[in-house]
Amino acid sequence: MHFDAFDRYHEKESFIHHLDPRVKVVVTIVFIVSNALLPDGAWMAFAFAWLFLLLANVFSKLGLTYTTKRSLIALPFAFIAITILFSMPGEPVASFKLLMWNLTITDTGLLRFVSILIRSWLSVQLAILLVATTRFPDLIHAFEHLRVPAILTTIIAFLYRYLFVLTDEVLRLMRARESRSAASAGNRSGGGVLWRAKVAGNMAGQLFLRSYERSDRIYNAMLSRGYTGHLYTLNPHEMQSRDYFVTAFAIAVIFIVQIIGRL
Amino acid sequence: MHYSPVPMHIPDGFLTIFVSVICWGITIFTLGLSISKTNKALGEKQIPLMGVMAAFIFAAQMINFPVAGGTSGHLLGGAMAAIVLGPWAGMLVMTAVIAVQALLFQDGGLVVMGANILNMGLLTSAVGYGLYRSVSGQSNNKVKLAVAGVAAWLSVMTGALITSLELWLSGISDLQVVVPAMLWVHAVIGLGEALITVSALGFIFRTRPDLLGEGSESAMGSRNWAYVGGLIALIVVLFSPFASSNPDGLERVAGDLGFLNAGQSAPYSIIPDYTLPFLGETALSTIAAGVIGVLVVGVIAILIGRGMKAKA
């Protein structure tokens with residue numbers, strides 16, 4: 001497996017790609033907070049927030065299909081919110097019978113449900129743009145600049161660096177399990193659920209030992225190269241005038257979205 | 001990649017700002033504690049170890065075993081991380097895992113990340129380690145493994161309960177629906193967690209007992225963790241049936257405390273004839289309420305910490 005197997009970064013030469021990662025992180029978070037603050041049913045504000053997304057998308061040259069396709073990831077979670085369709089007091093919109101329940105969808109319930117979905121959908125899209133236009137190490141570096149404690153960013157950097165190595169390890173373990181789990185046609189391989197759980201647990205234990213021992217070797221290798229407990233970066237970020245301009249512009253737009261949402 | 005997260009990663013847009021801010025407050029406070037503790041107790045060697053261990057948890061979440069009807073059991077890892085690395089390091093490792101899941105895979109939101117870290121990282125570590133610590137001095141491995149299994153199951157249940165409470169406070173779902181639904185689903189998921197944790201720990205006991213014995217990272221946590229874990233577990237065990245069977249009672253308590261209003265109503269509706277189109281007072285007051293909540297929690301936590309220190 002290659003080191004960037006998990007990467008969501010899309011190599012492109014675009015305005016957004018070249019922005020300082022700090023700007024992108026801050027704008028993304030402000031945008032998501034703004035969405036959460038918008039009242040239910042603020043359709044105009046939602047539309048303007050979406051226009052803002054479109055603008056960011058155009059300047060990132062990623063194409064609409066890319067973000068739209070990936071933005072569906074948060075949808076399954078909507079199941080949890082589905083009960084508010086029926087439980088909010090309000091005028092009935094539609095009612096139907098499901099098994100033994102009489103369900104009535106109310107207008108306030110529908111309004112709230114749709115608003116939650118839209119907020120979530122808008123928010124996840126800018127997060128997708130953020131990771132698609134920023135290399136992960138740059139992202140971590142941005143968080144370091146934003147005063148996230150170094151110990152956390154360093155752990156995250158290591159996690160990112162060794163994730164693909166350990167994933168390879170997992171794939172090897174799974175391949176080994178599979179190759180020892182032959183079954184004749186019509187029969188299931190292996191023992192009962194408990195037995196299978198035990199095998200999975202042994203694999204996790206094995207993976208733990210291999211990771212533990214590997215971290216020892218990694219540490220020794222790093223020591224021999226002069227590690228003193230601190231990581232350095234080869235591309236330090238510097239805010240330029242256009243970074244300040246974009247931040248100011250984005251915050252102004254988000255502020256206007258908030259005002260529209262409250263009119 | 002075939003990696004299937006538990007239905008506990010809350011996406012952005014599902015929690016109100018009020019709930020998100022409170023969760024961030026608790027999370028930041030706890031992480032601050034764990035960073036200062038780990039910095040004191042461990043050398044620079046621990047940082048690569050914790051990083052690789054975070055990757056290990058991430059990778060271990062891919063290991064699954066078929067149960068029935070296409071479903072499969074797999075690992076969340078909070079209890080296991082805390083048991084093998086000690087509670088503070090376990091929390092940091094889980095935080096890194098959840099942060100990367102949110103940043104790289106959009107599994108869980110960014111602004112609600114505080115809540116996700118609290119639910120899946122901090123509480124699972126505290127409960128998992130705390131219960132295990134109460135027997136970790138024993139020489140009988142069978143007892144230790146049995147308790148570790150219960151601890152792993154309860155850690156998942158704790159996360160599920162707090163997640164459903166956050167969703168309820170945000171007005172996403174009804175208490176009488178979300179609490180039983182989340183608890184039942186996770187009672188089953190938790191069994192997978194418990195089985196994998198027990199047999200993984202059993203494997204480590206057999207092959208490298210030194211990693212879990214005296215003087216290992218695992219033994220770093222103080223005995224007080226047993227009380228912390230026991231207390232949280234007790235609250236979950238007592239509270240879950242109450243929340244599922246008597247949601248109206250809980251709703252009334254939250255209403256009396258003013259929590260429900262602060263959590264659910266969007267800031268704009270507090271003053272309906274508010275004409276100035278400003279972000280203004282109302283949003284600010286919500287955030288202020290959140291900050292006050294965080295301060296109260298912080299003071300209580302500090303007082304508890306003081307009390308513990310005095311005892312020790």
Side-chain angles (χ1 to χ4, degrees), chain A residues 6 8 28-29 32-33 35-37 39-40 73-74 77 80-81 83-84 87 116 119-120 123-124 127-128 131 136 139 149 151-152 154-156 158-160 162-163 166-167 169-170 193 196-209 211 214-215 218-219 222 229 258-259 262-263, chain B residues 11-14 16-17 20 35 38-39 44-45 47-56 58-60 62-67 73 75 84 92-93 95-97 99-100 103-104 106 109-111 167 172-174 177-178 192 195-196 198-200 203-204 207-208 211 266-268 277 279 283:
Chain A
F6 290 97
R8 293 294 190 263
T28 306
I29 287 171
I32 296 173
V33 169
N35 288 337
L37 281 175
D40 290 345
I73 185 167
F77 205 84
I80 288 194
T83 54
I84 56 168
S87 64
I116 289 168
R119 276 194 210 109
S120 160
S123 303
V124 79
I128 290 168
V131 289
F136 201 74
L139 204 56
I151 184 168
L152 265 182
T154 318
I155 293 178
I156 292 176
F158 269 102
L159 164 54
Y160 175 74
Y162 286 99
L163 180 56
L166 295 193
T167 305
E169 205 77 80
V170 169
V193 171
R196 275 178 264 165
K198 191 167 179 240
V199 171
N202 285 344
M203 286 162 69
Q206 177 70 256
L207 181 68
F208 169 74
L209 292 186
S211 319
R214 185 186 290 273
S215 85
I218 292 169
Y219 177 66
M222 287 171 69
Q258 279 296 323
I259 290 177
R262 266 148 230 283
L263 280 179
Chain B
D12 275 319
F14 280 79
T16 57
I17 287 292
S20 303
I35 288 172
T38 21
N39 273 345
E44 11 109 62
K45 175 176 180 0
I47 291 180
L49 173 67
M50 283 196 281
V52 178
M53 280 301 124
F56 154 69
F58 208 121
M62 294 174 199
I63 299 177
N64 56 3
F65 64 95
V67 179
L75 195 69
V84 294
L92 291 179
V93 161
T95 301
V97 169
V100 170
L103 286 171
L104 214 51
Q106 277 82 49
L110 298 179
V111 170
L167 290 169
I172 293 295
S173 197
D174 285 323
V177 177
V178 73
L195 288 173
I196 297 187
V198 166
S199 78
F203 184 87
I204 299 169
T207 45
R208 287 283 302 271
L211 292 183
Y268 73 103
L279 253 183

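To find a chain, count down the sequence lines: A is the first, B the second, and so on, and within it residues start at 1. Values in this document were obtained by computation on a predicted structure and should not be read as measured data.
The OG1 atom of B:T38 sits 4.0 Å away from atom CD1 of A:I151, with the distance rounded to the nearest 0.5 Å. Taking OG1 from B:T16 and CG from A:L37, the interatomic distance works out to 9.5 Å, rounded to the nearest 0.5 Å. Atoms CE and CG, from A:M203 and B:N64 in turn, are 8.0 Å apart once rounded to the nearest 0.5 Å. How far CG of B:L49 is from CD1 of A:I218: 9.5 Å, rounded to the nearest 0.5 Å. With rounding to the nearest 0.5 Å, the separation of OG in A:S215 from CE in B:M53 is 5.0 Å.
Contact of B:L167 with chain A is made through the side chain alone, with heavy-atom distances under 4.5 Å. Contact of B:T207 with chain A is made through the side chain alone, with heavy-atom distances under 4.5 Å. Using a 4.5 Å cut-off between heavy atoms, A:L207 contacts chain B through both its backbone and its side chain. In this structure, chain B has no heavy atom under 4.5 Å from any part of A:E169. For a residue to count as touching a neighbouring chain, one of its non-hydrogen atoms must lie under 4.5 Å from one of that chain's; by this rule A:L163 touches chain B with backbone and side chain alike. Proximity to chain A (any heavy atom under 4.5 Å) is shown, for B:A60, by both the backbone and the side chain. When heavy atoms are compared at a cutoff of 4.5 Å, A:N202 approaches chain B by way of both its backbone and its side chain. Both the backbone and the side chain of B:L92 come within contact range of chain A, judged by heavy atoms closer than 4.5 Å. Using a 4.5 Å cut-off between heavy atoms, A:F136 touches chain B through its side chain atoms alone.
Ranking A:I29, A:I32, A:L159 against chain B, the residue ahead of the rest is A:L159, based on heavy-atom pairs under 4.5 Å. When each of A:V124, A:I116, A:L139 is checked for heavy-atom pairs under 4.5 Å with chain B, A:I116 comes out on top. Ranked by non-hydrogen atom pairs under 4.5 Å with chain A, the options B:P48, B:A99, B:G13 are led by B:P48.
Contact annotation: the side chain of B:I47 never approaches that of A:Y219 to less than 4.5 Å [non-hydrogen atoms, C-beta and beyond]. For the pair A:T154 and B:M50, the minimum side-chain heavy-atom distance is 4.5 Å or more. Residues B:F58 and A:T167 are not in side-chain contact: their nearest non-hydrogen atoms beyond the backbone lie 4.5 Å or more apart. Side-chain contact check for B:L211 versus A:L209: some heavy-atom pair is nearer than 4.5 Å.
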Checking B:Q106 against A:V131 for the side-chain contact (heavy atoms from CB on, under 4.5 Å) test, could you report, in this order, the C-alpha distance in whole Å, the side-chain angles of both residues, the deciding distance, and whether it holds? CA-CA 9 Å; B:Q106 277 82 49; A:V131 289; 3.3 Å; yes
Worked verdict on A:F208 versus B:V84 for side-chain contact (heavy atoms from CB on, under 4.5 Å): CA-CA 9 Å; A:F208 169 74; B:V84 294; 3.7 Å; yes
For A:L166 and B:V52, what are the C-alpha separation, side-chain angles and deciding distance, and is it a side-chain contact (heavy atoms from CB on, under 4.5 Å)? CA-CA 9 Å; A:L166 295 193; B:V52 178; 4.3 Å; yes
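Shortest non-hydrogen contact noted between A:A200 and B:I63 is O-CG2, 3.8 Å. B:D12 and A:S123 get closest at one heavy-atom pair: CB-CB, 3.6 Å. When all heavy atoms of B:S199 and A:K198 are compared, the closest pair comes out as OG-O, 3.3 Å. Between B:F14 and A:A81 the shortest heavy-atom distance is CE2-CB, 4.2 Å.
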